[in-house]
S.K.: 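Could you have a look at this structure, given as structure tokens, before my questions?
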Amino acid sequence: MAEDAPFQQYATLAGTYGAVMAGFLLTARRRLPERPSFADTVRIGVASYKLGRLVAKDRVTSFVRAPVTEDPDATEPKPEGMARALGELVTCPYCIGLWISAGLSYGLVLFPRQTRLVTTIFGAQAVADFLNAGFVRLRDEG
């Protein structure tokens with residue numbers, strides 16, 4: 001399986017991620033905080049979790065995955081090339097979560113008020129998901 005992996009396309013995606021980060025760090029260097037707050041780190045982490053699951057797994061976001069997947073549910077990446085690499089990225093909540101957390105972090109530096117609101121919304125929904133899952137589990141056990 002590893003021998004047919006699209007390593008060149010993976011390298012292109014990793015290079016793009018790194019170039020965007022380097023470009024951001026250079027252009028925003030005067031605006032960078034000395035250190036991110038614990039609250040912002042948690043907020044971005046929880047929101048990234050929720051947004052990663054939303055992009056990679058939710059039916060309502062299948063339109064995002066559809067161009068680089070093969071099946072009607074948009075869960076199986078296309079078999080080769082950049083479409084495969086992108087399909088693997090957007091169908092993996094952990095993988096796309098890294099890109100999302102970077103974007104939210106950049107947003108926190110450039111637009112802190114707006115980004116805190118967005119991360120609060122998605123973070124709150126992640127907490128609600130956990131509470132709902134716990135409720136369903138307790139209900140089904142009882």
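Count residues from 1 along the sequence. As the structure is a prediction and not an experimental result, all values here were calculated from the model. Reckoned from all heavy atoms, side chains included, excluding hydrogens, waters and symmetry mates.
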S.K.: Under a 4.0 Å N-O cut-off, is there an ion pair linking D40 with R116?
M.R.: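 Yes.
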S.K.: Pair D4, R84 - check side-chain contact (heavy atoms from CB on, under 4.5 Å), show working.
M.R.: CA-CA 11 Å; D4 68 343; R84 176 179 169 183; 4.0 Å; yes
S.K.: Just how far is it from atom CD1 of I96 to atom OG of S101, taken to the nearest 0.5 Å?
M.R.: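 Going from CD1 on I96 over to OG on S101, the span is 10.0 Å.
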S.K.: Testing T119, T115, V118 for side-chain contact (heavy atoms from CB on, under 4.5 Å) with L108, which one passes?
M.R.: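 Testing each of T119, T115, V118 against L108, the sole residue satisfying side-chain contact (heavy atoms from CB on, under 4.5 Å) is T115.
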S.K.: CD of Q114: more than 12 outside heavy atoms within 6.0 angstrom?
M.R.: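 Result for CD/Q114: enclosed.
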S.K.: Under 3.5 Å, is there a donor-acceptor pair between the side chain of R43 and the main chain of G123?
M.R.: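 No.
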S.K.: For a quick test of reading the model, state the closest non-hydrogen atom pair linking G81 to P6 and the distance between them.
M.R.: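 Minimum heavy-atom separation between G81 and P6: O-CB, 3.9 Å.
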S.K.: Give a yes or no answer on whether the side chain of T61 reaches the backbone of L54 with a donor-acceptor pair at less than 3.5 Å.
M.R.: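 Present.
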S.K.: In terms of hydrophobic clusters joined by side-chain contacts under 4.5 Å, are V68 and Y17 together?
M.R.: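 As far as the 4.5 Å side-chain criterion goes, Y17 and V68 are connected within one cluster.
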S.K.: Which value, rounded to the nearest 0.5 Å, describes the distance between L32 atom CG and S105 atom OG?
M.R.: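 These two atoms lie 10.5 Å from each other.
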S.K.: Out of Y94, F122, F130, which residue meets the ring-ring contact (aromatic ring centres under 6.0 Å, His included) rule with Y49?
M.R.: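 With Y49 as partner, Y94, F122, F130 yield a single ring-ring contact (aromatic ring centres under 6.0 Å, His included), made by F130.
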S.K.: Identify the two heavy atoms, one from T91 and one from R65, that lie closest to each other, and give their separation to 0.1 Å.
M.R.: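 Heavy atoms of T91 and R65 come nearest at CG2-CD, 4.0 Å.
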S.K.: Are V90 and L86 connected in a single hydrophobic cluster, I mean Ile/Leu/Val/Met/Phe/Trp/Tyr linked by side-chain heavy atoms less than 4.5 Å apart?
M.R.: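 Yes, one cluster joins them.
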S.K.: The test is side-chain contact (heavy atoms from CB on, under 4.5 Å); show your working for D71 and T69 and say whether it passes.
M.R.: CA-CA 6 Å; D71 59 315; T69 55; 4.1 Å; yes
S.K.: Taking all atoms of both residues into account, what is the closest heavy-atom pair of P93 and A56, and its distance?
M.R.: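 Result for this residue pair: N-CB, 3.5 Å.
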S.K.: I would like to know whether S62 and D73 meet side-chain contact (heavy atoms from CB on, under 4.5 Å); could you show each step before the answer?
M.R.: CA-CA 7 Å; S62 61; D73 294 328; over 6 Å; no
S.K.: Report yes or no: does R31 contribute a side-chain atom to a donor-acceptor pair with the main-chain N or O of L110 at less than 3.5 Å?
M.R.: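 Yes.
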S.K.: At their closest point, which heavy atom of P112 faces which heavy atom of V109, and how far apart are they?
M.R.: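 Between these two residues, the closest heavy atoms are CD-O, 4.0 Å.
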S.K.: How many angstroms lie between CD in E88 and CD in E76, if you round to the nearest 0.5 Å?
M.R.: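 E88 atom CD to E76 atom CD measures 10.0 Å (nearest 0.5 Å).
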S.K.: Tell me if the CD atom of E141 is crowded by more than 12 foreign heavy atoms within 6.0 Å.
M.R.: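 Enclosed: over 12 neighbouring heavy atoms sit under 6.0 Å from CD of E141.
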S.K.: Is the number of heavy atoms from other residues, nucleotides or ligands within 6.0 Å of CZ (R137) greater than 12?
M.R.: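 Counting neighbours around CZ of R137, 12 or fewer heavy atoms of other residues, nucleotides or ligands fall under 6.0 Å, so no.
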S.K.: Less than 4.5 Å apart, any side-chain heavy atom of D129 and any of L131?
M.R.: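 Not touching, per the 4.5 Å side-chain cut-off.
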S.K.: Please confirm whether the ring centroid of Y106 lies under 6.0 Å from the ring centroid of F111.
M.R.: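 Not under 6.0 Å, so no.
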S.K.: V127, V42: one ILVMFWY side-chain cluster at the under-4.5 Å cut-off?
M.R.: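 In one cluster with V127: V42, no.
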S.K.: Shared ILVMFWY cluster between V20 and L104, side chains joined below 4.5 angstrom?
M.R.: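 Yes; L104 is reachable from V20 via cluster members.
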S.K.: Nearest 0.5 Å please: distance from the CG atom of L89 over to the CE atom of M82.
M.R.: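 Here the interatomic distance stands at 10.0 Å.
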